[in-house]
Amino acid sequence: MMTTSECTCCGKDYPKLSPAKIEGALIEVCDRCTKFGAKAELS
Ligand SMILES: [Zn+2]
């Protein structure tokens, strides 16, 4: 069974989200929405 997470930006469910910095806030977004902001550096 696959779990999905809701993209903070577009509100759709995706199996995988990526952290991105959008408008100064670090949020989890889908791959499409990472284009709208600077992708967060993974540490
Ligand atoms: Zn999205």
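Index from 1, following the sequence. Since the structure is predicted, the reported quantities are computational estimates derived from the model, not experimental observations. Whatever order the structure lists them in is the order used to number ligands and atoms, beginning at 1.
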>> If I compare all heavy atoms of S5 with all of L17, which pair ends up nearest, and what's the gap?
In response: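 It is CB-CD1, 3.3 Å.
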- How far apart are the closest heavy atoms of C7 and C30, and which atoms are they?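 Heavy-atom minimum between the residues: SG-N, 3.4 Å.
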Practice task
Show all protein N/O/S atoms under 2.8 Å from the Zn ion (ligand 1), or state that there are none.
Solution key: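 Protein N, O or S atoms closer than 2.8 Å to the Zn ion (ligand 1): C7 SG, C10 SG, C30 SG, C33 SG.
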> How far does CD of E28 sit from OG of S18, to the nearest 0.5 angstrom?
Replying inline: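 The distance works out to 8.0 Å.
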